[in-house]
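One structure is given here, and the rest of the page talks about it.
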2 protein chains.
Amino acid sequence: MSDITIVDIAKQAGVSIKTVSRVINREEGVGPATRARVEDLIEKLGYRPNVSARSLSSRRSYLIGVVFMRVGAYHYVGEVQVGAMRACRRAGYHMVIEQVDDPGQARGPGLEQALKAGRFDGLVLTPPVCDDPEILAIIEAQGLSYVRVAPDRDFGRSPYVFMDDQQAAHDMTARLWDLGHRRIGFIDGPADHGSARRRREGYMTAMAERGARVKPEWIAPGDFMPLSGLEAGDRLLGLSEPPTAIFAANDSMAMGVLSAASKRGLSVPGDLSVVGFDDGPLAESSWPGLTTVHQPIAEMAEAATEMLIEGFGDPRFRSRTAARQLDYHIVERGSSTSR
Amino acid sequence: MSDITIVDIAKQAGVSIKTVSRVINREEGVGPATRARVEDLIEKLGYRPNVSARSLSSRRSYLIGVVFMRVGAYHYVGEVQVGAMRACRRAGYHMVIEQVDDPGQARGPGLEQALKAGRFDGLVLTPPVCDDPEILAIIEAQGLSYVRVAPDRDFGRSPYVFMDDQQAAHDMTARLWDLGHRRIGFIDGPADHGSARRRREGYMTAMAERGARVKPEWIAPGDFMPLSGLEAGDRLLGLSEPPTAIFAANDSMAMGVLSAASKRGLSVPGDLSVVGFDDGPLAESSWPGLTTVHQPIAEMAEAATEMLIEGFGDPRFRSRTAARQLDYHIVERGSSTSR
DNA sequence: CCACGATACGACAACGTTGTCTATGCCGTT
DNA sequence: AACGGCATAGACAACGTTGTCGTATCGTGG
């Protein structure tokens with residue numbers, strides 16, 4: 001760790017520390033010659049401002065917290081981190097991750113302690129945490145800035161970034177229909193997960209628009225984990241009139257359906273079409289490749305982090321909310337075909 | 001954010017701020033009565049020490065950096081984070097994640113900038129980053145503490161946590177042999193990945209011990225990604241004398257092998273036994289379930305973080321290295337059977 | 001040539017802790 | 001009674017920045 005401080009730079013440059021501070025922070029009021037001299041010296045001595053001192057004085061920590069729960073695929077959280085990190089690095093921020101321990105005791109001591117330490121300039125909240133009223137209450141009580149990714153409700157409560165899950169699921173269902181499928185099964189996500197709900201609604205709407213009567217048993221419960229996809233697939237395929245296509249609310253569960261099919265000796269897509277949602281790493285590596293909705297997870301997290309750094313999410317302006325919508329697209333692979 | 005400081009507590013308790021500081025930090029030299037009074041007041045007013053001030057004064061940031069690269073399964077990084085977070089929370093630390101941008105330009109500006117900001121009390125390095133000489137050089141030049149998880153070389157260079165990959169792969173190979181398999185294929189990991197190399201060596205040793213001549217074409221290249229497992233599996237199964245069992249160096253690639261088998265109409269484990277390494281979420285959700293080596297990833301990261309916080313890894317004592325070994329075990333599922 | 005505003009910079013006090021050093025009181029010992 | 005030693009506590013100066021405010025210096029218009 002370099003031991004040189006702003007004082008050393010100031011001395012050697014023959015200016016006051018305040019002037020050096022101004023140069024560092026790109027403030028006005030420094031002549032071009034002075035500025036150049038100071039900058040050279042900073043470069044030459046390899047000076048780095050001390051973050052703690054800076055934080056103490058300016059009351060900003062340059063720390064962004066990303067809060068999530070590990071439900072379903074690790075992929076989701078991974079992509080969120082990738083996107084948030086891009087935005088953080090661009091702006092010279094660091095990214096602290098805060099994991100919510102458990103769906104049940106969401107506000108376990110861990111998270112609450114961490115939030116109350118008061119270190120964060122702002123938080124990025126991802127589903128399903130972004131819809132947890134207890135957690136939101138804690139955050140707001142702290143007076144923290146936050147931006148949400150794909151929230152499910154309280155849209156006026158904070159800025160957020162989203163994509164149209166419902167429309168995407170609608171499109172996907174329509175595509176299966178156009179391929180000639182009429183008995184289309186759906187595997188649901190966790191009950192309290194907004195995206196899951198919206199995907200189900202998109203499926204329902206598309207079916208209803210086409211005059212199809214969706215039998216209750218066509219919708220199987222799932223929890224976004226692969227195992228639940230296997231079970232749900234097993235259940236659907238065991239019906240007296242099994243579906244000819246299954247739409248899983250995420251890729252992991254779709255993978256489970258592939259397993260369920262192979263277990264029963266059914267070929268995909270010959271005997272059964274299977275489609276998913278996410279376009280994670282599994283989708284392109286399965287055989288056959290999985291037709292799925294590409295969700296721009298990293299981009300959403302990046303946008304949210306950007307908004308946070310730009311000052312949206314500040315509690316003082318919480319009434320002025322903002323939203324950014326990103327686009328999805330369907331990726332056609334081999335797991336679905338016409339009937 | 002609470003605006004009460006140590007001064008407020010001191011005033012109300014009728015003691016000096018230093019005494020309050022002592023109570024907070026559980027230092028000696030405070031009478032039981034005084035201590036109780038101060039603690040009550042802290043509790044009552046909801047006082048939280050200001051982290052920046054504390055860092056500035058004590059020269060510790062209470063920030064641990066976890067450095068990784070997203071190679072192969074997201075699962076690995078996820079588990080690392082889970083483990084490191086457990087240790088961090090126990091000790092009141094926060095966890096900053098630092099992603100290495102790209103294998104090629106490992107020390108992209110992002111990571112280097114982040115490290116040089118000098119915020120970290122210490123770093124946890126995971127493979128393959130923990131073996132990157134350039135990154136190690138940067139870290140050591142900064143005088144940073146670090147502990148490595150499953151390093152591949154330079155064992156005297158820092159403390160580390162590990163498990164015996166080679167022995168585990170040896171055991172797994174032996175188990176396949178005992179099931180009657182003689183032509184056992186192996187799918188390798190990335191070339192520069194130490195764990196991958198050790199697993200291959202375990203396989204080679206076990207085969208050699210049993211007098212088996214491993215044909216070069218039995219070892220197929222892979223990169224820990226599922227797609228490479230599919231390709232490698234395809235290749236192995238296309239041999240004129242295909243293996244009766246395939247051991248993939250991780251679960252993701254084993255999943256690819258399952259796909260390759262199903263693509264060729266081979267049943268697992270009837271026509272082919274498949275085993276993996278990791279015991280990630282995929283292993284139990286595939287059909288059939290994957291026989292694999294359970295790797296205690298979270299526990300290794302937790303142990304490493306603990307060591308870091310306890311002061312191992314301090315550059316002043318770098319010569320006094322320490323190592324902790326954790327245990328693996330083989331999880332038997334349905335994907336392997338006797339021949 | 002003067003007044004005046006703009007520009008460029010500096011002095012100094014925060015920011016809220018911890019580290020170091022010193023002071024006080026009380027006990028047991030001689 | 002004097003003393004040493006320990007337990008307890010406080011005073012005060014760091015720590016390295018930024019914020020606020022003040023002050024030279026300079027160019028410019030009248």
Side-chain angles (χ1 to χ4, degrees), chain A residues 1-39 41-42 45-63 92-94 116-121 143, chain B residues 1-39 41-42 45-63 92-94 116-121 143:
Chain A
M1 222 163 312
S2 70
D3 276 2
I4 34 179
T5 74
I6 201 172
V7 179
D8 302 316
I9 304 291
K11 269 198 192 120
Q12 296 211 32
V15 297
S16 75
I17 57 171
K18 182 65 221 194
T19 298
V20 178
S21 171
R22 275 191 264 257
V23 172
I24 296 165
N25 296 293
R26 291 173 170 61
E27 288 172 22
E28 303 201 311
V30 183
T34 314
R35 167 156 282 153
R37 188 154 34 98
V38 172
E39 275 170 349
L41 224 40
I42 288 175
L45 301 186
Y47 162 73
R48 309 263 163 181
N50 177 308
V51 192
S52 304
R54 175 179 264 196
S55 300
L56 179 58
S57 190
S58 67
R59 294 155 168 289
R60 290 195 296 150
S61 66
Y62 298 93
L63 240 38
Y93 279 67
H94 285 255
K116 289 204 172 161
R119 295 191 81 147
F120 301 112
D121 281 353
Chain B
M1 225 162 311
S2 71
D3 278 2
I4 35 180
T5 74
I6 201 173
V7 180
D8 302 316
I9 303 291
K11 270 200 192 119
Q12 296 211 32
V15 298
S16 75
I17 56 171
K18 182 65 222 194
T19 298
V20 179
S21 171
R22 275 191 266 258
V23 171
I24 295 166
N25 296 293
R26 290 174 170 60
E27 288 172 22
E28 302 201 312
V30 183
T34 314
R35 167 155 285 154
R37 188 155 33 99
V38 171
E39 275 170 350
L41 224 40
I42 287 175
L45 301 186
Y47 162 74
R48 308 265 162 180
N50 177 308
V51 192
S52 304
R54 174 179 264 195
S55 301
L56 177 59
S57 189
S58 67
R59 296 159 163 285
R60 290 194 296 151
S61 66
Y62 299 93
L63 241 38
Y93 278 68
H94 285 255
K116 289 203 174 162
R119 295 191 82 147
F120 302 112
D121 282 353

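Here the structure is a predicted model, which is why all the values come from computation and not from measurement.
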By side chain to side chain donor-acceptor pair (under 3.5 Å) - contacts of [X] (at least two apart):
X	answer
B:Ser52	none
A:Ser16	A:Thr19
B:Arg119	none

Taken in chain and number order and not counting sequence neighbours, the residues that satisfy side-chain contact (heavy atoms from CB on, under 4.5 Å) with A:Ile17 are A:Ile6, A:Val7, A:Ala10
State which residues pass side-chain contact (heavy atoms from CB on, under 4.5 Å) with A:Ala53; sequence neighbours excluded, sorted by chain then number.
A:Asn50, B:Leu56
Residues two or more places apart in sequence or in another chain: which of them pass salt bridge (Lys or Arg N to Asp or Glu O under 4.0 Å) with A:Lys11?
none
How would you summarise protein contacts on nucleotides 9-20 of chain D per nucleotide, using B for base, S for sugar-phosphate only and - for none, with heavy-atom distances below 4.0 Å?
BBB---BBBBBB
Here the side-chain hydrogen bond (donor to acceptor under 3.5 Å, both in side chains) pairs for residues 53-62 of chain A, sequence neighbours left out, are A:Asn25-A:Arg54, A:Arg60-A:Tyr62, A:Ser61-A:Asp121
Quantified as the angle between the terminal helix axes (five pairs each), what is the overall bend of the helix from C:dC1-D:dG30 to C:dT30-D:dA1 to 10 degrees?
50°
